[in-house]
Each structure stands twice: as structure tokens, then as C-alpha cells.
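Naming convention: chains lettered A, B, ... in sequence-line order (proteins, then strands); numbering from 1 in each chain. On a predicted model such as this, the values are computed, not experimentally measured, just so you know.
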Amino acid sequence: MGVLLMVRVRFAPSPTGELHIGGARTALFNYLFARANGGVFILRIDDTDQERSRPEYAAALLEALKWLGLEWDEGPYYQSERLSEYNREAARLLEEGKAYHCYCSPEEIQEQREAARKAGKLFRYPGTCRDLSKDEMRAYEAEGRSPVIRLRVPESGNTVVDDIIRGRVTFANDTLDDYIIVKSNGLPTYNFASVVDDHLLGITHVIRAEEHLSNTPRQLLCATALGYRPPRYAHVPMILAPDRSKLSKRHGATSVEEFCSQGYLPEALVNYMALLGWSPGEEEILTLEEMAKIFSLDRIGKNAAIYDTVKLTWMNGHYLMQADPAYLSKTAYPFFEAEGLLKGPLNESQWDYLRTVIETVRERVKTLAELPEACRYFYEDDFDYDPKGVQKIFTKDDTALLLRQAAARLAQLDRFDYASTERAYHDLSAALEISAVKLIQPSRLALTGRTGGPELFAIMAVLGKEKTLQRLEKAAAYIEAAL
RNA sequence: GGCCCCUUCGUCUAAUCGGUGAGGACACCAGCCUUUCAAGCUGGCAGCAGGGGUUCAAAUCCCCUAGGGGUCACCA
């Protein structure tokens with residue numbers, strides 16, 4: 001009976017930019033897999049690229065992950081702080097003759113690459129430095145060359161990747177070459193650091209995007225050379241842009257940060273991303289916790305998914321309607337501030353008002369970013385009347401009079417809530433022997449400047465008696481002046 | 001180009017060992033509801049990339065073609 005190892009997975013982004021939805025989904029799948037199996041979700045920052053790695057990006061990565069609710073159990077480990085581990089393992093490889101110093105300069109390699117390309121041939125490192133003598137090495141050193149370290153890769157045979165999602169994928173070793181595991185600046189390359197760390201961190205399953213599938217035989221070979229027992233691999237399908245190409249900046253919002261600033265809720269993004277490539281079975285609307293209960297790798301498909309924000313937006317609208325009002329107002333506040341509708345800090349009654357306002361419009365809106373505009377007339381008294389509405393609704397001869405009569409009725413009210421204002425309108429329409437719509441439509445236009453929106457009496461209840469009466473009167477005057 | 005992966009409605013996907021009227025969600029269309037706009041409810045439209053096999057039976061297995069994607073760095 002085999003020993004069941006505790007599942008340990010990692011998300012290992014490189015801090016060279018914002019977290020895009022491809023990476024975020026990889027993180028999500030790792031998180032879900034760990035949770036579903038009672039395992040550990042580890043965060044590792046692969047920052048061995050000195051040129052492109054930036055601490056700010058790393059910090060932003062952590063923020064984005066937290067925002068999504070993908071809390072990690074261990075880490076973050078920074079590869080830049082673990083160089084001694086890689087050096088030690090590289091030295092071992094060198095000593096055992098499984099790797100060697102290569103003094104070819106980037107320029108020389110580049111030349112050979114060019115020549116191969118011109119000849120229409122595939123370039124593979126020719127093994128120039130495979131068997132250098134001590135003297136040759138000393139000579140190169142004397143020239144001031146600093147070597148890279150290459151892994152000795154077998155020239156024949158196959159390496160097979162037994163992938164959980166793709167099945168057995170076979171690569172011929174002669175299509176690989178002695179690749180670089182340590183750069184001339186002493187830093188490890190991805191295909192080395194990753195192998196060493198996955199082993200040292202006890203990673204049992206590597207779940208990552210399919211773009212890494214062709215790297216896997218190299219990593220397997222490296223692991224073998226180091227005497228490691230390699231983890232299981234699961235290469236999840238890519239997420240493509242609507243034009244079927246790889247996601248990039250020009251495709252609009254692709255980073256978690258952007259979705260956040262466009263007013264998407266993390267619950268919606270997470271739910272939507274999970275559905276890209278993974279199928280839960282019956283119910284699609286699921287919280288992180290619910291997903292964690294039923295997640296399994298065998299329900300991940302093989303084909304790349306094209307992401308389309310329409311469904312995400314629908315889903316966001318759904319979560320907006322379900323959201324707890326206090327939470328919603330808190331997360332929506334920055335959007336109100338940006339629109340100049342609110343300025344902090346808010347006192348208790350301002351928060352209450354914001355909550356009520358959002359409550360009345362939330363089901364008409366799909367993102368937080370649309371909220372301020374939908375709520376504008378609750379905060380500003382000066383607005384224009386929608387021209388089409390004016391033409392259709394304000395042009396009936398008796399409209400001004402109707403608005404004044406309505407205002408007079410409302411003025412008598414002691415309580416000013418949904419029920420009382422509604423009763424007042426129905427009484428008036430009965431007395432006048434007209435349909436309530438004749439009263440309601442011009443009133444909405446008077447109160448909001450718009451022809452659509454929440455139920456009239458809900459608007460009145462939020463606005464309160466004073467503002468309601470003022471706006472009704474103002475509209476009546478406007479109509480008279482225009483005629 | 002070499003190597004590798006993939007191919008079910010417009011999009012995301014389901015269909016455990018071959019037997020289904022090929023199911024769901026979003027979008028779209030229609031109707032209902034209604035105080036407008038939404039929301040909600042009901043119904044509708046729409047797909048197995050193409051061609052060969054194997055089989056009583058193929059979306060499902062095999063082969064070929066086409067198309068898409070990934071990768072071929074001292075980036076990860």
C-alpha cells in the first residue's frame with residue numbers, strides 16, 4: 001500500500017506585470033485543488049529575471065490574489081532569496097558530470113542560430129563545450145568569459161510526460177538540447193529553479209497553463225538528473241482572447257486589477273474564471289467554498305477557452321443583486337468618489353443613505369462602475385430632463401397642472417414612504433378619473449430627469465418629501481416656461 | 001518550419017464502458033408580468049470542422065485532411 005502524501009500545490013507567478021486572468025485562473029485551480037483535497041496552497045514568486053522583475057509587481061500580485069479571496073497557506077517564497085539552494089544543486093550536477101560549464105557567448109550562439117535559420121534548419125546547441133578540458137576552461141576564464149551551466153541531455157530516447165489532463169505525451173530527446181540551467185550572472189533559469197523548488201517545497205502536483213507543456217520534458221530530465229521524484233503534472237487549457245490569439249493588453253481588460261477598477265466583484269470574476277475550462281456539473285453559480293467542495297481535475301477540459309466578458313458581466317449583475325448591502329456600499333464607494341458624488345469620510349447617515357440608494361437601483365446595473373450614474377439624481381438636484389422624455393411626456397397640455405395637483409396631495413402627507421405616496425397617487429388618479437400612469441410618468445421625469453429607473457414611489461421614499469415637492473414644482477414651472 | 005496540444009450551438013460547456021429527440025448557461029428573438037427601465041417567468045433560434053474507416057450501432061474508437069493554439073531565449 002502506497003503512502004498517501006499530503007497534496008501540496010503552488011502558484012508561481014513571475015512579478016513582471018499585473019496578474020492577468022490566465023494566471024489568476026491558474027491560481028484559482030491550484031487553490032481549489034488544494035482545498036478539495038485537504039492540501040496546502042503555496043505561493044512562490046519566481047523572480048529570477050533581474051531585468052523584468054519588480055517588487056511593486058510582486059506586491060500587486062499578492063494584493064490581487066487577496067482581493068480574489070485566494071488566500072495561500074504557505075509563502076510567499078521568493079526565488080531571489082533562495083539562490084544558495086540552486087547553487088548547491090547546480091554544483092552537485094556539475095560534480096556528477098550531469099551538467100557542465102559552457103563558455104559560448106550569447107553572440108556566438110546567436111550567430112549559430114542565425115546561420116541555422118538561414119539554412120532552414122532547426123537550431124540546437126551543438127555541444128561545443130560539452131567536454132572541455134581544465135586547460136581549455138582556464139583559457140576561457142583568462143579571456144574574461146563567465147560561463148553558463150548547461151544540463152547534459154540524453155541524445156536519444158524519449159521523455160514522456162504523464163499529464164493528468166492530457167494523458168501520456170511523448171517527446172523525443174533529440175528534439176531537445178543541452179539547455180541552460182544557470183545564467184552567466186549566476187542566477188538560475190526557470191527550468192531549473194522551478195524544478196529545484198518544486199522538490200524542496202514538496203510539491204505533489206504542478207497545475208499550470210498549457211504553454212508550459214513543452215517545457216515539461218526538460219524539467220523532467222532535470223529532476224531525474226537531480227535524483228528527484230517529480231511531481232504529477234496537469235496542464236490546463238489556455239484562455240484566449242476573442243480573436244483566438246493569446247491574451248494581451250490590446251484586448252482590453254485582461255488583468256485582475258482592471259476588472260476590479262471596472263467595477264467587477266471578486267465573487268463574479270472567480271466564478272466566471274472557474275467556468276473557463278472547468279465544469280462543475282449542474283449549478284454554475286458557485287462561491288469559492290462551494291467550488292472547493294466539488295472541484296476535481298478530471299472535470300477540466302482539454303480545449304482552449306475564449307473569454308467573453310458578456311457572461312462575466314451578466315454574472316456580475318447577479319452577484320450585485322445578491323450582495324450584502326453593507327458590503328456593497330463599501331465596495332461601491334470609491335466609484336462614487338471618483339464621480340464626484342461623494343467625498344469621504346462619510347458619517348453614519350451618509351452611509352445609510354448610500355446603502356438605500358444602491359438598494360433601489362442595484363438590479364438595474366451590471367457593474368459597480370455604472371452605479372454612480374444610475375444614482376446621480378439622488379445626490380444632485382440640477383439635472384437636465386431627457387429630451388425624448390420631455391417631448392413624449394411633458395408636452396401633454398395638462399401635465400404641469402397634474403404635477404402641481406400631485407404635489408399638493410403629497411404635501412398633506414405626514415408619513416412619506418412607499419405605501420403612503422402610492423396611495424396618494426392612486427387616490428388622485430381615481431379622483432381625476434385618469435390612469436395612474438398619466439401621473440407616474442411625468443413625475444418620474446420630474447424627479448429624475450429620466451424615463452426609466454426604479455419604481456416611482458421607491459424614488460420618492462428615498463428623496464423625501466421636501467425634495468420631491470421641490471422637483472415636482474420645478475418641473476411644472478419648466479413645462480409652463482417651455483410652452 | 002520542427003515538435004507538442006486541441007476541434008460539440010455566436011461564446012462557456014454537458015453527454016461515466018460507443019445506443020441521447022445531442023442537455024445546460026450567457027447572448028439573441030418572442031410572449032407573460034408590469035408604473036417606466038430593469039429583474040423575474042415561459043417559450044424559441046442555434047452545434048458534433050470535413051472526409052474515410054471499424055461496428056448491428058460513432059459526437060464518442062482508428063486514419064487522413066483542414067483549422068486553431070502552444071513552444072522552440074543567458075523570459076518565466
Pick base, sugar-phosphate or nothing for [X], based on heavy-atom distances below 4.0 Å to the nucleic acid.
{"X": "A:C102", "result": "nothing"}
{"X": "A:P454", "result": "base"}
{"X": "A:K438", "result": "nothing"}
{"X": "A:A305", "result": "sugar-phosphate"}
{"X": "A:S184", "result": "base"}
{"X": "A:R299", "result": "sugar-phosphate"}
{"X": "A:H235", "result": "nothing"}
{"X": "A:S194", "result": "nothing"}

Nearest-Å distance once atom [atom1] is located in both [N] and [M]:
{"N": "B:rG10", "M": "B:rC28", "atom1": "P", "result": "16 Å"}
{"N": "B:rU16", "M": "B:rG21", "atom1": "P", "result": "15 Å"}
{"N": "B:rU8", "M": "B:rA59", "atom1": "P", "result": "15 Å"}
{"N": "B:rU60", "M": "B:rG52", "atom1": "P", "result": "14 Å"}
{"N": "B:rA76", "M": "B:rU71", "atom1": "C1'", "result": "13 Å"}
{"N": "B:rC62", "M": "B:rG44", "atom1": "C1'", "result": "39 Å"}
{"N": "B:rA46", "M": "B:rG40", "atom1": "P", "result": "25 Å"}
{"N": "B:rU55", "M": "B:rU65", "atom1": "C1'", "result": "23 Å"}

Look at the side chain of [X] and decide which nucleotide, out of [options], has an atom nearest to it.
{"X": "A:N215", "options": "B:rA76, B:rC6, B:rU71", "answer": "B:rA76"}
{"X": "A:E211", "options": "B:rU36, B:rU11, B:rG70", "answer": "B:rG70"}
{"X": "A:F171", "options": "B:rC4, B:rA39, B:rU13", "answer": "B:rC4"}
{"X": "A:R166", "options": "B:rG69, B:rC6, B:rC12", "answer": "B:rC6"}
{"X": "A:L275", "options": "B:rG70, B:rC12, B:rU36", "answer": "B:rC12"}
{"X": "A:K302", "options": "B:rC74, B:rC6, B:rA27", "answer": "B:rC6"}
{"X": "A:L213", "options": "B:rC5, B:rC12, B:rU8", "answer": "B:rC5"}
{"X": "A:W314", "options": "B:rC6, B:rA25, B:rU71", "answer": "B:rA25"}
{"X": "A:L122", "options": "B:rA39, B:rC5, B:rG2", "answer": "B:rG2"}
{"X": "A:R244", "options": "B:rC37, B:rC12, B:rG68", "answer": "B:rG68"}

Checklist entry - Between A:V169 and A:Y418, which is nearer to the 5' end of RNA chain B once each is assigned its nearest nucleotide? => result A:V169
Checklist entry - When the nearest nucleotide of RNA chain B is assigned to A:L240 and to A:G120 on a heavy-atom basis, which residue is associated with the more 5' position? => result A:G120
Using purine N1 to pyrimidine N3 plus N6-O4 or O6-N4 for Watson-Crick, or N1-O2 and O6-N3 for G-U wobble, each under 3.5 Å, what pairs with [N]?
{"N": "B:rU7", "value": "B:rA66"}
{"N": "B:rC72", "value": "B:rG1"}
{"N": "B:rC17", "value": "none"}
{"N": "B:rU42", "value": "B:rA30"}
{"N": "B:rC61", "value": "B:rG53"}

Could you tell me whether the side chain of [X] has a donor or acceptor atom within less than 3.5 Å of a complementary atom in the base of [N]?
{"X": "A:E284", "N": "B:rG24", "answer": "yes"}
{"X": "A:R52", "N": "B:rC75", "answer": "yes"}
{"X": "A:D308", "N": "B:rA27", "answer": "no"}
{"X": "A:T451", "N": "B:rC37", "answer": "no"}

Given the side-chain rings of [X] and [Y], with only the six-membered ring counted for Trp, is the space between their centroids under 6.0 Å?
{"X": "A:F11", "Y": "A:F41", "value": "no"}
{"X": "A:H212", "Y": "A:Y190", "value": "yes"}
{"X": "A:F29", "Y": "A:F295", "value": "yes"}

Phosphate OP1/OP2 of [N] contacted by [X] side-chain N/O (<4.0 Å):
{"X": "A:R117", "N": "B:rG1", "result": "no"}
{"X": "A:T48", "N": "B:rA76", "result": "yes"}
{"X": "A:K183", "N": "B:rA76", "result": "yes"}
{"X": "A:K246", "N": "B:rU71", "result": "yes"}
{"X": "A:R218", "N": "B:rA73", "result": "no"}
{"X": "A:N191", "N": "B:rC74", "result": "no"}

[X] has an atom [atom1]; how far is it from atom [atom2] of [N], in whole Å?
{"X": "A:R364", "N": "B:rG40", "atom1": "CZ", "atom2": "C1'", "answer": "12 Å"}
{"X": "A:E210", "N": "B:rC72", "atom1": "CD", "atom2": "P", "answer": "14 Å"}
{"X": "A:I393", "N": "B:rC37", "atom1": "CD1", "atom2": "P", "answer": "10 Å"}
{"X": "A:I306", "N": "B:rC6", "atom1": "CD1", "atom2": "P", "answer": "17 Å"}
{"X": "A:H318", "N": "B:rG40", "atom1": "NE2", "atom2": "P", "answer": "9 Å"}
{"X": "A:M321", "N": "B:rG40", "atom1": "CE", "atom2": "C1'", "answer": "9 Å"}
{"X": "A:R444", "N": "B:rA38", "atom1": "CZ", "atom2": "P", "answer": "12 Å"}
{"X": "A:N303", "N": "B:rG70", "atom1": "CG", "atom2": "C1'", "answer": "14 Å"}

Checklist entry - Which of parallel (below 30°), tilted (30 to 60°) and perpendicular (above 60°) describes A:Y264 and A:F259? => result perpendicular
Can [X] and [Y] be counted as an ion pair, charged N to O under 4.0 angstrom?
{"X": "A:R130", "Y": "A:E155", "value": "yes"}
{"X": "A:R88", "Y": "A:E85", "value": "yes"}
{"X": "A:D197", "Y": "A:R82", "value": "yes"}

Next on the checklist: Side chains of A:D178 and A:Y100: any donor to acceptor distance under 3.5 Å?
Outcome noted: yes
Item to check | A:K438 side, atom NZ; A:S435 side, atom OG - distance, nearest 0.5 Å | outcome: 5.0 Å
Next on the checklist: Test of understanding: with ring pair (Phe, Tyr, Trp, His ring centres under 6.0 Å), list the residues that count as partners of A:Y319, not counting sequence neighbours.
Outcome noted: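 Checked A:Y319 against ring pair (Phe, Tyr, Trp, His ring centres under 6.0 Å); zero matches.
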